[in-house]
Amino acid sequence: MESINTLKGYDKVSDQENQIPSPLPKPPSRKTLIATVSVVSLLLILAAVVALTAGAFTRPSHNNPPVSSSNSLKAVCAVTRYPQTCFDALSSSSSSLDGKINPESILELSLQVTAKKVSNLSVSFRSINDMPEEAAVGDCVKLYADAVSQVNESVSEIEREKKKGGDWLTKNVVGDVKTWISAAMTDGETCSDGLEEMGTVVGNEIKKKMVTVSEMLSISLAIVSEMQKLRMVFH
């Protein structure tokens, strides 16, 4: 009997099965999805800001910048290939920021620090350019003189735009700075290649300065290239 009942069960359709199934819920609209993504993105950005400013009320040491300034510098330097070089170079000059810690001021500081280091290296090459047979050194003198001009032009462009007031970091300014810094990097690479090809030996001090300049140019280029993302986090 049990087997018969079982078979009958396959033949029968219960009243519940005869009922018209309720319609499936409609998927969320495109606008709803966009709104949801926007809210989630905003929450992530706010979380990043909170993380950056954590410890802002901790008593700073006398040898280091305030914690909030330190965290901001680290956040910006994190987008570069040389975060430690970036932080060390900028933190030692962060007093010139006057408490204005944001991506724009850090970019400006980075360019100013880079300009000084490139200029110093240019002077070093001029000081050893007294051997006519070392043509590569003479080429480096010209190349780094051009690099100084390129970086200084970036600093001057920002200063001119700031005087106009408002949001000075426009797409045109970003594009110009990227072009000039890239050109300065090319100057440095051309100098290095020339020294290597000619077998020219320069002192360890100049070699170290060349490495530092190369890294600082890379750092400035990375900061300006990632400016849009950095501004979202800070603002």
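The residues of the chain are indexed from 1 along the displayed sequence.
Within a 6.0 Å radius of CZ in R81, other residues, nucleotides and ligands contribute 12 heavy atoms or fewer.
Within the 3.5 Å criterion, the main-chain N or O of V76 finds no donor-acceptor partner in the side chain of T80. When atom types are taken as modelled, the side chain of S218 and the backbone of S214 share no donor-acceptor pair closer than 3.5 angstrom. Looking at T200, its side chain never comes within 3.5 Å of a backbone N or O of E196 through a donor-acceptor pair. Between the S92 side chain and the A89 main chain, a donor and an acceptor come within less than 3.5 Å of each other. Checked by atom type and distance alone, the side chain of S119 never pairs as donor or acceptor with a backbone atom of K116 at under 3.5 Å.
With salt bridges taken as basic N to acidic carboxylate O contacts below 4.0 Å, none links K171 and D176. Between E205 and K209 there is a salt bridge, with a side-chain nitrogen of the basic residue lying less than 4.0 Å from a carboxylate oxygen of the acidic one. Taking a cutoff of 4.0 Å between a charged side-chain nitrogen and a carboxylate oxygen, K162 and E157 do not qualify as a salt bridge.
Cluster annotation: I206 and L143 are assigned to distinct hydrophobic clusters (Ile/Leu/Val/Met/Phe/Trp/Tyr, side-chain heavy-atom contacts under 4.5 Å, transitive). If you chain together hydrophobic residues whose side chains sit under 4.5 Å apart, V173 and L107 fall into the same group.
Inspection of the N152 and S149 side chains reveals no N or O donor paired with an N or O acceptor under 3.5 Å. With 3.5 Å as the limit, one finds a donor-acceptor pair spanning the side chains of R126 and S122.
Between the CG atom in L221 and the CH2 atom in W180 there is a gap of 14.0 Å [rounded to 0.5 Å].
Within the 4.5 Å cutoff, the side chain of C77 has no heavy atoms near those of the I219 side chain. A heavy-atom distance below 4.5 Å is found between the side chains of C191 and M210. Looking only at side-chain heavy atoms (C-beta outward), S154 and I181 come within less than 4.5 Å of each other. Contact annotation: the side chain of E104 approaches that of W168 to within less than 4.5 Å [non-hydrogen atoms, C-beta and beyond]. For the pair D139/L195, no side-chain contact is recorded, criterion being any heavy-atom separation below 4.5 Å from C-beta on.
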